[in-house]
Every structure is written in structure tokens, then in C-alpha cells.
Participant: 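This structure is in C-alpha cells; I'll ask about it shortly.
Numbered from 1 within each chain, the chains take letters A, B, ... in sequence-line order. These values consider heavy atoms only, across backbone and side chains, with no hydrogens, waters or symmetry-generated copies.
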There are 2 protein chains.
Amino acid sequence: MRPATYYILASLAGEPLHGYAIAQRAGELSDGAVKITAGTLYGALDRLADQGLVVVDHEEVVNGRNRRYYRITDDGLHAMAEELASMRSAVAVGEAAIGQFKLGTVL
Amino acid sequence: MRPATYYILASLAGEPLHGYAIAQRAGELSDGAVKITAGTLYGALDRLADQGLVVVDHEEVVNGRNRRYYRITDDGLHAMAEELASMRSAVAVGEAAIGQFKLGTVL
DNA sequence: GTCTATACATCGTTAGGCGATATATGGTTG
DNA sequence: CAACCATATATCGCCTAACGATGTATAGAC
């Protein structure tokens, strides 16, 4: 799972959000590091919906603009948890690897 | 950076290795989770070399088979450290998001 | 009146992973 | 001794996903 996809799911773990709000939330969560543009966002949401990781919760019109709210599913939470576990392992491996390298250069 | 690329760098952080050994080491480091096949491996090594994240250290012939050893560069270590930082953040965000979700379902 | 934020849609390009295939050596196993 | 498997690198083509660009539309700010 790519970072954009992961942050979309993470953004939805708190509460259902509409597309545009998801992109903003992802930016906040990552402290500006992850910028999800329209091209990435709607493609990813379609894909995630196809995979059953998110579902459309409801739609509403605010100020003449339509908002389509997405909600994360149980499968979506599981997928996120698995990705989380993979990243934890990768972090541990990377820390050990870099630590070993630094030790190697000193000795 | 995709997992395959990350694990290739991590495999080289300890010591220079030849291609085939990198693939094996990546499998060991990830406890079998990351399987780097030939198609992924040599393409990734070419890319990493183009980007200056690894360099060819030396070559040798063992049992009639050529071994091309790659070494990670300072840039490669920096790239790895950055990826590590990104993943740490992503893990923290994911943990907070899932925690918040579980709390939400209980209340 | 123009600019910016909001909100969704779609196209084309690019990067990267991955299976498949190829080539070659040498040890193992039947 | 033949078939198979591990070692070792190379290359092709497919597919997924990200992403920039572009388009449409509304509404408020300046």
C-alpha cells in the first residue's frame, strides 16, 4: 500500500469525511508531508471502494457543492492494521541496519 | 520508496553484497515477508545506481559464476534514514487513528 | 471582476514491482 | 547419466498506483 492510500484510510479512521476533507486531513496528519491531489484522491477512493476498504456513507449538498462522505470498513481497518505491522517491522529492520553500519564505520 | 527498494538498501547497510545475496538477505531481514525476484532486483539495482544510492563495489567469479557486489553510498544511507523517518511518522499516525476509532466504537 | 477555496472528474504519463523467460554453472538425487 | 535444483545475472512486458494537468462548477473575498 502506497503512502497516499494509507493516509486516506488513516484520515477516515476517526470519522467519515468527504473527498476534499480527506485530502486536507491527510495533509494535517502527516504535518504537510503527504499532499494528496485530486488525481490521486478520487482514483484511490474508487479503488478502495472496489476493494471494500471504504464505502460511501452518504452525500449532502453544502453551499451548492456536493459532498460525498466515505466511511472506512472493517476490512479497511484490517488492511490498515496490516500495513501498520509491516511498517513497524520495516522500521525495526532499518534501525538495526543503520545502527550496524554506523558501528561498522567506527570500528 | 517501495518496500523492495527499502529492503535492498537495508540489506546493503551491513556490508556489500552481490545481487542474489541481496535478495536472500532481504527475505531474511523481513522474515520471509519481502520476496525480491530477479525482475525486481536488477531493475531496482540499476535505478539505485543511477540515483547514486548504491555503487558497484567490485566483481568476482565464484564457481564459474560472476558476482557483482554493490555497496550503499552516503546518499543511500540518507535516503534510507529519510524513509525510516517517514515510516515512523506513518506508524504513529496509524496507531493514533486506530486507537481513536476503537475508542469511538466503544463510546 | 478577478482570485481563491471548495468539490468532484478524467486523462496521460511515469515509476516501480513482478511474472516470465533466457542463459550458464555446478552439485544432488534418482 | 539424466533430470533437477540452487546459484547468478539479464531483459521483456504487464499492471498498479501516484500524480500533474485540465476541466467544470459554486461562492465568498478583495
Side-chain angles (χ1 to χ4, degrees), chain A residues 1-12 16-28 30 32-54 56-70 76 79-80 83 86 90, chain B residues 1-12 16-28 30 32-54 56-70 76 79-80 83 86 90:
Chain A
M1 189 184 295
R2 300 293 304 263
T5 306
Y6 177 77
Y7 274 92
I8 287 173
L9 289 181
S11 298
L12 289 173
L17 294 174
H18 64 278
Y20 193 81
I22 292 170
Q24 291 178 310
R25 185 100 187 89
E28 289 167 20
S30 67
V34 175
K35 296 182 183 85
I36 298 179
T37 60
T40 302
L41 178 67
Y42 298 105
L45 284 173
D46 286 348
R47 234 178 297 123
L48 288 169
D50 281 348
Q51 294 167 354
L53 305 189
V54 305
V56 175
D57 192 71
H58 69 282
E59 296 194 17
E60 62 184 44
V61 176
V62 176
N63 289 124
R65 292 178 213 96
N66 190 53
R67 289 180 176 174
R68 185 172 305 134
Y69 283 77
Y70 291 87
M80 220 187 120
E83 188 63 21
S86 297
Chain B
M1 189 184 296
R2 300 294 303 267
T5 306
Y6 176 78
Y7 274 93
I8 287 172
L9 289 181
S11 298
L12 289 173
L17 293 174
H18 63 279
Y20 193 81
I22 292 170
Q24 291 179 309
R25 185 101 186 91
E28 289 168 21
S30 67
V34 175
K35 296 182 183 86
I36 299 178
T37 60
T40 302
L41 180 65
Y42 297 104
L45 284 173
D46 287 348
R47 234 180 297 122
L48 289 169
D50 282 348
Q51 294 166 353
L53 305 188
V54 305
V56 174
D57 192 72
H58 69 283
E59 297 194 16
E60 62 184 41
V61 176
V62 176
N63 288 126
R65 292 177 212 97
N66 191 52
R67 289 181 176 174
R68 184 172 305 135
Y69 282 77
Y70 291 87
M80 219 187 120
E83 188 63 20
S86 297

Participant: Distance from A:Gln24 atom CD to A:Lys35 atom NZ, nearest 0.5 Å?
Facilitator: 14.0 Å
Participant: Decide yes or no for B:His58 and B:Arg68: does some side-chain heavy atom of the first lie under 4.5 Å from some side-chain heavy atom of the second?
Facilitator: no
Participant: For the CD1 atom of B:Ile22 and the OH atom of B:Tyr70, what is their distance to the nearest 0.5 Å?
Facilitator: 7.5 Å
Participant: Does B:Gln24 have a side-chain nitrogen or oxygen under 4.0 Å from the phosphate oxygens OP1 or OP2 of D:dT7?
Facilitator: yes
Participant: At the 4.0 Å heavy-atom cut-off to chain B, mark where contacts on DNA chain C begin and end, going 5' to 3'.
Facilitator: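 Contacts span C:dG16 to C:dG26, reading 5' to 3'.
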Participant: Spell out, as yes or no, whether a donor-acceptor pair under 3.5 Å connects the side chain of A:Thr5 to the backbone of A:Met1.
Facilitator: no
Participant: Both B:Arg67 and A:Asn63 contact DNA chain D. Which one's nearest nucleotide lies toward the 5' end?
Facilitator: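 The residue mapped nearer the 5' terminus is B:Arg67.
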Participant: Is the backbone N or O of B:Ala26 less than 3.5 Å from a side-chain atom of B:Ser30, with the two atoms forming a donor-acceptor pair by type?
Facilitator: yes
Participant: Quick one: does any side-chain atom of B:Tyr6 pair with a main-chain N or O of A:Ala90 as donor and acceptor, under 3.5 Å?
Facilitator: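 Yes.
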Participant: How many Å lie between CD1 on B:Ile22 and C1' on D:dT9, as a whole number?
Facilitator: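 That distance rounds to 12 Å.
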Participant: Could you tell me whether a side-chain N or O of B:Thr40 sits under 3.5 Å from a main-chain N or O of B:Ile36, the two making a donor and an acceptor?
Facilitator: no
Participant: Which parts of nucleotides 16-21 of chain D does protein reach within less than 4.0 Å, heavy atoms only, written one letter per nucleotide 5' to 3' as B for base, S for sugar-phosphate only and - for none?
Facilitator: -SSBBB
Participant: Distance check needed: D:dA8 P versus B:His18 NE2, whole Å only.
Facilitator: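 Checked: the NE2 to P distance equals 4 Å.
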Participant: What contact category does A:Glu60 fall into here, base, sugar-phosphate, or nothing, at under 4.0 angstrom with non-hydrogen atoms?
Facilitator: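 No contact.
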Participant: Need one value for B:Glu59: base, sugar-phosphate or nothing, where a base atom within 4.0 Å counts as base even if backbone is also close, heavy atoms only.
Facilitator: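 Counting heavy atoms under 4.0 Å across all strands, no contact is made by B:Glu59.
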Participant: If the test is side chain to side chain contact (heavy atoms under 4.5 Å, CB included), which one of A:Glu59, A:Arg67, A:Glu60, A:Arg65 qualifies with A:His18?
Facilitator: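 Option passing the side chain to side chain contact (heavy atoms under 4.5 Å, CB included) with A:His18: A:Arg67.
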